[in-house]
Amino acid sequence: MKAVASVLVAAVLWGTVGPAQIWADTGAHPVSLGAARMLLGGLVLTALMARPAGLRTLRLPGTRRWLVVSVLVTASFQVCFLQAVERSGAALATAVAFGTVPVVGGACGLLLSRERPSSRWAAGTVCAVAGIGLLLLPGGGGRADALGVAYGAAAGASFGVYIAATKELGAHGADLDAAAPVSVLCAGLLVSPYLLIAPEGLATARGAALVGWLGLGTTALGYLLFTRGVGGLGAATVGTLSLTEPMVATVLGVALLGERPGPLAAAGAALLLGGLVTVSVPERRRTPEDHLPEPAGR
């Protein structure tokens with residue numbers, strides 16, 4: 001129960017990212033905001049989690065290239081997701097991003113580990129593609145536009161590749177408690193020049209409060225809770241608990257921010273979340289009775 005609670009609280013914290021960005025209304029550029037969030041959260045995570053012995057594992061053969069991939073997609077996720085939120089709203093941006101994650105995750109598993117995609121993955125992929133298609137149709141309503149949907153899909157693709165890169169780092173002997181903070185911090189440094197290009201909105205009281213929440217609450221605390229709980233849970237359970245994130249973003253977007261997606265946009269978001277549920281909810285365990293022949297005449 002402690003593991004479940006840790007992952008659940010982390011998902012709730014992550015679900016507040018988009019709503020907090022819109023509610024604060026700081027006027028900060030999404031790329032600058034992402035850079036500030038990663039720098040603050042990465043510094044705190046590195047101080048709390050990275051140890052010299054763990055950092056040395058990041059120099060093992062085969063780990064360096066995957067660490068570079070992890071840094072690049074971490075930066076890409078932050079930049080694309082925050083821009084998707086600005087253009088399409090918290091609910092739709094989160095639905096597009098996390099509805100895309102299983103699609104890319106399955107594709108990475110096929111390419112890297114030769115894992116055969118399941119029928120549930122195929123169904124989830126169909127739902128994701130159909131949902132994004134509906135969002136791109138003219139008259140979708142809400143705040144969604146083609147570029148906002150594209151940013152959301154790119155964010156989801158980045159997170160899917162990040163999951164694959166993390167698996168490869170672990171398979172090559174890297175200490176993931178050191179790899180993740182380093183990835184976040186280096187991604188922040190990679191994007192940090194944008195803080196000089198567009199610093200507006202970050203130096204205000206609301207801007208500082210937003211960066212503090214995103215860096216300390218959703219990044220540092222969220223990741224600490226997630227890593228403490230994920231080790232004691234199965235992948236399917238973690239996937240199911242992660243559904244809390246888009247649910248929280250949707251509830252906050254509708255209840256607090258007044259987001260009202262049009263019929264097509266709502267249908268597209270529902271398809272995306274339906275696909276995410278399809279691939280995330282654990283399958284029913286088969287029992288010996290499941291293998292018995294059916295009675296005649298049934």
Side-chain angles (χ1 to χ4, degrees), residues 1-20 41 44-45 48-50 54 70 74 77 81 90-91 94-95 97-106 108-109 115 118 120-121 123-124 127-128 155-156 159-160 162-167 169-171 174-181 183-184 213-256 269-270 272-287:
M1 290 305 298
K2 288 183 178 179
V4 169
S6 294
V7 173
L8 189 61
V9 173
V12 170
L13 291 172
W14 291 335
T16 68
V17 172
V44 174
L45 282 172
L48 293 177
M49 300 181 65
S70 179
T74 298
F77 174 80
F81 181 69
T94 307
F98 289 92
T100 309
V101 170
V103 178
V104 177
C108 288
E115 297 175 357
S118 66
R120 297 179 65 165
W121 177 85
C127 288
F159 195 74
Y162 173 79
I163 293 172
T166 299
K167 290 181 179 179
L169 281 168
D175 180 2
L176 298 183
D177 278 351
S183 295
V184 174
W213 172 248
L214 295 182
L216 300 177
T218 67
T219 302
L221 179 57
Y223 188 81
L224 280 172
L225 289 171
F226 185 80
T227 53
R228 294 298 179 265
V230 72
L233 300 172
T237 302
V238 174
T240 304
L241 293 173
S242 297
L243 293 171
T244 306
E245 183 170 349
M247 182 185 72
V248 168
T250 300
V251 170
L252 292 177
V254 172
L256 298 182
L272 285 163
L273 295 179
L276 186 57
V277 170
T278 300
V279 299
S280 299
V281 174
E283 295 185 12
R284 183 176 68 88
R285 291 183 180 273
R286 295 183 66 87
T287 63

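We use all heavy atoms of the structure for the numbers below, so side chains are in, but hydrogens, waters and symmetry mates are not.
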How far does CG of Leu8 sit from OG1 of Thr244, to the nearest 0.5 angstrom? 4.5 Å
Shortest non-hydrogen pair, Ala90 vs Gly18, comes out as CB-C, 3.7 Å
To the nearest 0.5 Å, how far apart are CG in Leu13 and CG in Leu224? 11.0 Å
Looking at Ala10 and Leu225, what are the two nearest heavy atoms and their distance? CB-CB, 4.2 Å
Distance col, row Leu214:CG vs Thr219:OG1, nearest 0.5 angstrom, shows 6.5 Å
Say you draw a straight line from CG of Leu221 to CG of Leu48; how long is it, rounded to the nearest 0.5 Å? 10.0 Å
Working note: Thr94 + Phe81, criterion side-chain contact (heavy atoms from CB on, under 4.5 Å); need CA distance, chi angles, decisive distance, verdict. CA-CA 8 Å; Thr94 307; Phe81 181 69; 3.7 Å; yes
What's the shortest heavy-atom distance between Cys108 and Gly160, and which atoms? SG-O, 4.4 Å
Tell me the closest heavy-atom pair linking Ala179 and Leu169, and the distance in Å. CB-CD1, 4.0 Å
From the list Trp14, Phe159, Tyr162, ring pair (Phe, Tyr, Trp, His ring centres under 6.0 Å) partner of Phe77 resolves to Phe159
Where Ala220 and Gly41 come nearest, the two heavy atoms and their spacing: CB-O, 4.4 Å
Show the numbers, then the answer: is there a side-chain contact (heavy atoms from CB on, under 4.5 Å) between Val184 and Tyr223? CA-CA 11 Å; Val184 174; Tyr223 188 81; over 6 Å; no
Trp213 side chain to Thr218 backbone, donor-acceptor under 3.5 Å: no
